[in-house]
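What follows is one structure encoded as structure tokens, with my remarks underneath.
Below, chain A is the first sequence line, B the second, and so on; all start at residue 1.
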Amino acid sequence: MSDVQVRASADALMRQTTTYKPPRDPAQIVRWTLLAMGAIVMVMPIVYMLSASMKYPHEMFDLNIIPREPTFENYIFVLADGRFLQWFVNSLIIATITTISAVFFDALVGYALCKFRFRGRYFIFIAILSTLMIPTEMLILPWYMMSLHFGWVDTYWGIMFPGLMTAFGTFLMKQFFETVPDDFLEAARIDGLNEFQIWWSVAMPLVTPALSALAIFIFLGNWTAFIWPLIVTTNSELYTLPVGLTTFSVEQSVQWELIMTGAALATIPTLIVFLIFQRYIIRGVAMAGLKG
Amino acid sequence: MATVTLRNLVKAYGSTEVLHSINLDIANGEFVVLVGPSGCGKSTTLRMIAGLEEVTSGEIMIGDRVVNHLEPKQRNIAMVFQNYAIYPHLTVRNNIGFGLRTAKMPKADKQKRIEEVAAILSMTDYLERKPAQLSGGQRQRVAIGRAMVREPSVFLFDEPLSNLDAQLRTQMRLEIKKLHQRVGTTIVFVTHDQVEAMTMADRIVIMKDGHIQQVGTPTEVFHKPANTFVAQFIGAPSMNMLDARWQGGRLHVAGQELGTELALAEGSAVTLGIRPDDLVVSPEPGLFSGRVNVLEPLGSETLVYVDIGGREVIARASGRNPPRLGESVHLAADLANMHLFDPSGKAIA
């Protein structure tokens, strides 16, 4: 066999080796199929929302994904309507303030319950946790009575007050503060910081992933909140986005294309927040899972 | 700099007393090491001096002030923790300067102080790095730097070298000792490692079960241990302990009779202690004879575990010509280097 032939057969062997693929694992095919089906189920409503927002009313109930006559007229109509912008701003203000407040107070209470030893600590923690078992629907009546009594109906405060501190957030933060070694806090204590400074400058930076995850959960929850803002507001100028969108449906007809357009626009801020902080959400949830 | 005085210091958790009437005087500029096994109360004592644990009863004085009811920050102390406790989100500069946050001094002076401390600890090139980018030894230096920058009157070290590997530990040990010689501040250092205690301390405080067993210089505690616990805790390998009896003017031990001058009552039971360093394998018949069970070559010498009448003792042999396993050997010792303890474990003078 000549040198050239030997080299050629060696090359052929190399090609064979590099192109070899192991047979697919049937279990993996099943897993992927199930995941793909799940993904389709999750993504379809969003795809349909985007599709419907670009359709004319007469095409609304055609199930085709790609509109026959795509249009942005719905977006122009919704954005030109001053009310949409007002609702968007309302939602932004309410979700932002609620998020800042809840993250602050949840972390503060979670820290105190985790790091301080005082009488009744366990009882308070259990009491806070037990509120998680009460469904929101049951709380709406007392919240409304309170709002009526204190004159909070049709105010930002009225919409925000139930969410300014959350039991879930307190629980989550308490669990995360368990991961902060006491040595850090004691070192700061010796360095002359007071308890609030220790919490703010030492403990809080060490639980940033948890704070980010909590902030995103709370922001999303408030951005999409519907029942309570609907009940506590009668003035359409104070509506939040989800409540405002319902005004596109009137007794005689429902303007689905406008509702879908509004919903699509409402998704943008949450999408931005999620894309920026998603790694924190995943890390936060994973850590909470480990500690919980 | 300051003295530290502990007077009848007691710590109890509920009805469980963990420190029993501790009395200790630490001189100005002294390097004192608290050493003992886990749970002996050494860290609790240190944390009480720091103000991190409440005092159940007794007094702690730093300088001429009773500090029992003062906050940690008011005691003018600095503490270095076992796991460094340096903040991962801050740079080395900010970590070292952390203790100056509450200090009322111009920003420029703070920076100058940080840079001086970093220079002493050879950390100038790392000032802008985060702790994650540092090695274990460098992190420990940052922790020491944070303590130094405040120029406290007392440094407290809580097992600061435990997390380092053996080589780095030896290096940091030397650095801390040099640092003490340079700044001269009073240091209270807690460790469970008797080698650390011996090599660093001006005086060693040996603790067990919440009691001080002995206070003395490294030489004193090694050569004149107050009791069997100290005798066995200090020195590696541990001191050999053999049951003995004083009868007919001779000390009967492991089937041998030793002629020595002792003022003991006839029939007294005692414990004879001999450090492995003082018990050598000898070609001539000596104190004991026995069979070699185990050999531990250390290079320059070999530790020989010898069975003498059912009791195993550790002796020293040459590193070049050690005995063989199972061989019968003679062990010799200078009777002047032996230690005697009464049945309660207390040293007989």
Side-chain angles (χ1 to χ4, degrees), chain A residues 103-104 107-108 110-112 114-123 173 175-215 276-277 279-280 283-284 286-288 290-291, chain B residues 13-14 43 46-54 67 70-91 94-105 130-131 139 142-152 154-160 162-163:
Chain A
V103 167
F104 182 86
L108 197 64
Y111 177 78
C114 175
K115 296 294 181 188
F116 294 130
R117 300 283 172 271
F118 54 90
R119 201 179 288 273
R121 183 176 74 113
Y122 186 67
F123 174 77
M173 292 316 300
Q175 296 306 100
F176 270 88
F177 280 121
E178 302 275 3
T179 63
V180 176
D182 288 344
D183 284 359
F184 282 125
L185 315 178
E186 289 176 345
R189 214 161 275 146
I190 288 173
D191 284 339
L193 270 66
N194 63 37
E195 292 304 323
F196 186 83
Q197 288 172 321
I198 293 171
W199 171 71
W200 183 253
S201 335
V202 176
M204 287 288 266
L206 296 175
V207 292
T208 314
L211 293 174
S212 307
L214 181 63
I276 293 172
F277 293 109
R279 65 199 171 104
Y280 290 121
R283 213 170 129 192
M287 283 170 75
L290 281 174
K291 286 305 290 176
Chain B
Y13 295 103
S43 283
L46 193 80
R47 289 169 61 79
M48 284 163 87
I49 298 171
L52 298 172
E53 294 277 353
E54 276 184 33
V67 297
L70 295 185
E71 292 287 312
K73 62 184 170 190
Q74 296 168 316
R75 299 186 182 203
N76 196 20
I77 45 113
M79 188 158 167
V80 178
F81 292 84
Q82 184 176 355
N83 67 359
Y84 322 131
I86 55 172
Y87 307 120
H89 58 289
L90 300 180
T91 59
N94 291 335
N95 261 296
I96 292 178
F98 198 85
L100 296 176
R101 281 169 74 130
T102 51
K104 291 186 179 85
M105 61 193 291
K130 292 273 182 72
R139 285 180 205 182
V142 176
I144 294 170
R146 197 175 64 193
M148 280 175 68
V149 79
R150 286 175 46 223
E151 296 181 350
V154 181
F155 277 121
L156 306 175
F157 287 84
D158 189 4
E159 306 210 27
S162 305
N163 287 352

Atom group of B/I86 that falls short of 4.5 Å from chain A, counting heavy atoms: backbone

Side-chain heavy atoms of A/V202 within contact of B/F98, under 4.5 Å: yes

Greater than 12 external heavy atoms within 6.0 Å of A/F118's CZ: yes

Steps toward side chain to side chain contact (heavy atoms under 4.5 Å, CB included) verdict (A/I190, B/L52): CA-CA 8 Å; A/I190 288 173; B/L52 298 172; 3.9 Å; yes

Beyond-backbone contact of B/F81 with A/D182, side-chain heavy atoms, under 4.5 angstrom: no

Close side-chain approach of B/D158 and A/D183, heavy atoms under 4.5 Å: no

Shortest non-hydrogen contact between B/Y87 and A/F184, atoms and distance: OH-O, 3.2 Å

Heavy-atom neighbours of A/F123 CZ exceed 12 at 6.0 Å: no

Point-to-point distance, once rounded to the nearest 0.5 Å, from OG of A/S201 to CG of B/L90: 9.0 Å

CA sep, side-chain torsions, deciding dist, call: A/D191, B/R150, side chain to side chain contact (heavy atoms under 4.5 Å, CB included): CA-CA 8 Å; A/D191 284 339; B/R150 286 175 46 223; 3.3 Å; yes

Region of B/A78 in contact with chain A, defined by heavy-atom distances below 4.5 Å: backbone

Between NE2 on residue B/H89 and OG1 on residue A/T208, distance to nearest 0.5 Å: 8.0 Å

Interface moiety of B/R47 toward chain A, non-hydrogen atoms closer than 4.5 Å: side chain

Over all atoms of both residues, closest heavy-atom pair of B/R146 and A/A187: NH2-CB, 3.2 Å

